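Since the structure comes first, as structure tokens, the remarks are kept for the end.
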There are 4 protein chains.
Amino acid sequence: MSDKRGSRAADRTEAIMRTALELGEEIGYAKLSIEAVATRAGVGKHTVYRRWSSKGALFLDSLLSLNEAHLDYPDTGDVIADLRQQIHAAINLLDRAPVGPLYRALIGEALLNPQVAAALNDHFITPQAEKTVARLKAARDQGQLSPDFDLDLAMGILSGPLYFQALIIQKPLTHEYVDRVIDALFTGMGPRP
Amino acid sequence: MSDKRGSRAADRTEAIMRTALELGEEIGYAKLSIEAVATRAGVGKHTVYRRWSSKGALFLDSLLSLNEAHLDYPDTGDVIADLRQQIHAAINLLDRAPVGPLYRALIGEALLNPQVAAALNDHFITPQAEKTVARLKAARDQGQLSPDFDLDLAMGILSGPLYFQALIIQKPLTHEYVDRVIDALFTGMGPRP
Amino acid sequence: MSDKRGSRAADRTEAIMRTALELGEEIGYAKLSIEAVATRAGVGKHTVYRRWSSKGALFLDSLLSLNEAHLDYPDTGDVIADLRQQIHAAINLLDRAPVGPLYRALIGEALLNPQVAAALNDHFITPQAEKTVARLKAARDQGQLSPDFDLDLAMGILSGPLYFQALIIQKPLTHEYVDRVIDALFTGMGPRP
Amino acid sequence: MSDKRGSRAADRTEAIMRTALELGEEIGYAKLSIEAVATRAGVGKHTVYRRWSSKGALFLDSLLSLNEAHLDYPDTGDVIADLRQQIHAAINLLDRAPVGPLYRALIGEALLNPQVAAALNDHFITPQAEKTVARLKAARDQGQLSPDFDLDLAMGILSGPLYFQALIIQKPLTHEYVDRVIDALFTGMGPRP
DNA sequence: TGGTAAGCGAGACGGTACGTCCTGTCTTGCA
DNA sequence: TGCAAGACAGGACGTACCGTCTCGCTTACCA
């Protein structure tokens, strides 16, 4: 009853986002226009612009709508196992088709458009990082990590190489590579054996 | 004498790249058009298109032209000191104005345009990575690093967090952060001291 | 009231045609570009292309818009006097500035572009010829011309020499020349008196 | 021997004109560019521009080169028969493929480009008209036409309707129509039987 | 229940840039 | 030395989208 009001609006919103992802998969984010999304969705351009201020904003929302309830950290007590499990899930989702190429392009857009960058950080990157930090902090509080363990740095060392591999080197991420990174993080690559 | 041939062509090429950087600094890569570069450079559009197939390709070359002879690794015998010195130099160049914003945008473009990605990798990312790997290998050969030291992984752990910080989190890189990463790489952040 | 609808579209159409004629008079049809018309009219190029498929089509309409209600045949009962009167009016309009040069150029365009030729015939040449034929037919029906008088041929003999003079020889048409043609048409130039 | 000098230049000239006609037949005068002619002829653009100042000038020469020795008036003593014979020959050449469409287009060009108009008049229209006038004058001198027969007007009445039919109405010319025009010229279409 | 306003599709509009084509001029390098 | 080859500045082409703006039509909520 209560969601009857606005259900029409929600229908449009959902239809537009669905169409955006659909078209994105077909022709790629870069070649896509708001005009094309609106036409394909059977919607006036104004109806799109009323909801999103740019192609990047639309895509960010569209991708996030796929994401709900995913990528939450387990806490089994074993921080390393939990990190592995969660990061494997993340790259399964974000580095593989159909989301992978669109996520990559969205980050590209963010590097060109500060508004998109801010929104991406606020709605995805930062919350995700905070989950990682929170999980590490829990481990530290439980004494699994040393008291001076640098949480933010660890988060960077976990995420950085994966983004580097995926975005800069542009090779697919493997679970094996993830494991090597986690391993190195906790054991170091010490100058001497 | 010998560079008399083609000097006209080289003049245009240089003028266009110079103008591209100039305009890029003024209005940003995203707002820039090949049309505007051509006009400002006093050159026909075709003269630009004859040399570069896209805005991204032009910018890649333009940025690389600033780069020559920079960012070469020293070898003082102390691998950690050399890495620090070189990475500090790199972020001084690539993360700060005037190059920083343009380099960031160029990576954004590479994420949207596979041709630019390939060229960027071939002409900058890979050579640079190979220099890092070569320096690490020299250290390993000299016994400063353990014989099973994973060179590629180390390169990823050095570069990844910095790119992550600069591109994803979008906060300026500090020398202090670089040092923390290097430190963590070689000493680990082990679960127990 | 009723023309409230679409008045915006009609405004643009009229503004574009007016500008086209204006620019045409200033620099001549040949040197004119749709781009220049659009710019001068303060209109996007697409707004021109939406209405006309080529420069020729635009100019045809523009010239025709000047023409309304002109060039209608009188019927005073004296067919020769009526022809003279009407043809004198026609060449006053079509062979003299400002319309003359533009009309000449439009016919040139029609000779290069079949679509323009077809439109010109449909919207001007043929209707005008039919008026001449109709006036001659009325005269024939009234017995002023012999029953086997060849209407189409007469139309050709009236119009042809004038177009020939104006377009091919490219000398200005005089009323005196028109009169000689009319005279010859009806009295012949017989081999012997 | 003496024409050995310059034979190379004459070769180019001829090759360019031949290519121009060839390409003109294939894609039409309007779509043709000097660039395309030069490339197809295996000749530098400069070599074309050195000889002709515009596409129209090149085509005029090219068409005239086909024309040599054609379209000369016979004088059998019977002026009407001679006119018929000559005009039939003219329309066979000028109104039918392959020359017809190119000649039509050339006149179109002349209406847009005064230089071409002048050259066309000087090298083709006027000489041809003078031949007609000369033949009529001969007939008048021989008493076949009345002493006050208006030679120029007659020429206009002969040529005008044919050009009108071919260029304005854009219907193919028939010998029958030519005969009707000639007939009308000499007998009139008198208002009374 | 009828009136009214909000949302909507459709797409026109002024702009900007695209990437292509051709013009007429100007090198360059081969023969 | 004369030419093909084609680079060059410039201008226009016709197209694609941008983000804004009317236009009527459809809903759905209120009075």
Side-chain angles (χ1 to χ4, degrees), chain A residues 4-13 15-16 31-39 41-55, chain B residues 4-13 15-16 31-39 41-55, chain C residues 4-13 15-16 31-39 41-55, chain D residues 6 8-9 11-12 15-16 31-55:
Chain A
K4 194 67 165 290
R5 166 222 322 269
S7 73
R8 193 177 302 268
D11 282 357
R12 314 285 178 180
T13 301
I16 294 166
K31 294 186 181 169
L32 199 136
S33 64
I34 288 187
E35 194 132 23
V37 172
T39 300
V43 135
K45 284 163 64 175
H46 196 55
T47 303
V48 179
Y49 280 109
R50 197 179 295 124
R51 289 166 169 74
W52 296 280
S53 63
S54 70
K55 185 169 76 150
Chain B
K4 195 68 163 291
R5 149 205 354 250
S7 70
R8 204 166 60 120
D11 282 358
R12 315 289 175 174
T13 301
I16 293 166
K31 294 186 181 168
L32 197 137
S33 66
I34 288 188
E35 194 132 27
V37 173
T39 301
V43 137
K45 281 163 71 171
H46 192 51
T47 301
V48 180
Y49 281 110
R50 196 179 293 123
R51 290 167 167 73
W52 297 279
S53 62
S54 67
K55 187 170 73 150
Chain C
K4 194 67 162 292
R5 148 203 357 248
S7 70
R8 203 165 61 120
D11 281 358
R12 315 289 174 172
T13 301
I16 294 166
K31 295 185 181 169
L32 197 137
S33 65
I34 288 188
E35 194 133 27
V37 172
T39 300
V43 137
K45 282 163 70 173
H46 192 52
T47 301
V48 179
Y49 282 109
R50 195 180 292 123
R51 290 166 166 75
W52 297 280
S53 61
S54 68
K55 188 170 76 151
Chain D
R8 194 178 301 265
D11 282 357
R12 314 282 179 182
I16 294 166
K31 294 186 181 169
L32 200 135
S33 65
I34 288 188
E35 193 132 23
V37 172
T39 300
R40 167 89 78 105
V43 135
K45 283 164 67 174
H46 196 57
T47 304
V48 179
Y49 281 109
R50 196 180 296 126
R51 288 166 169 76
W52 297 279
S53 61
S54 70
K55 185 169 75 149

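Since the structure is predicted, the reported quantities are computational estimates derived from the model, not experimental observations. In what follows, every chain begins at residue 1, and chains take the letters A, B, ... in the order their sequences are listed.
Summarising the geometry, the separation between CG on D11(A) and P on dC8(E) is reported as 10 Å, rounded to the nearest angstrom. Summarising the geometry, the separation between NZ on K55(B) and P on dA17(E) is reported as 10 Å, rounded to the nearest angstrom. Put simply, CD1 on I16(C) is 11 Å from C1' on dC13(E), counting in whole angstrom units. The distance from atom OH of Y49(A) to atom P of dA10(E) is 17 Å, rounded to the nearest whole Å. Atom-to-atom, CZ of R50(B) to C1' of dC8(F) comes out at 6 Å; the value is rounded to the nearest Å.
Interatomic distance, D11(C) CG to I16(C) CD1, rounded to the nearest 0.5 Å: 10.5 Å.
Comparing dA4(F), dC13(E), dC8(F) by their closest approach to the side chain of A9(C) singles out dC13(E).
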Got a list of side-chain donor-acceptor pairs under 3.5 Å for residues 41-51 of chain A, not counting sequence neighbours?
{"from": "R51(A)", "atom 1": "NE", "to": "T13(A)", "atom 2": "OG1", "distance (Å)": "2.7"}
{"from": "R51(A)", "atom 1": "NH1", "to": "T47(A)", "atom 2": "O", "distance (Å)": "3.0"}
{"from": "R51(A)", "atom 1": "NH2", "to": "A9(A)", "atom 2": "O", "distance (Å)": "3.1"}

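Across the interface with DNA chain E, nearest-nucleotide mapping of H46(D) and G44(C) shows G44(C) to be the residue nearer the 5′ end. A residue-by-residue look at T47(B) and S53(C) shows that T47(B) has its nearest nucleotide of DNA chain F further toward the 5' end. Of the residues near DNA chain F, V43(D) and R51(B), the one whose nearest nucleotide (by heavy atom distance) lies more toward the 5' end is V43(D).
Interface residues of residues 31-42 of chain D facing DNA chain F, ordered by number: G42(D); criterion, heavy-atom separation under 4.0 Å.
K45(D) contributes no side-chain N or O that forms a donor-acceptor pair with the base of dG6(F) under 3.5 Å.
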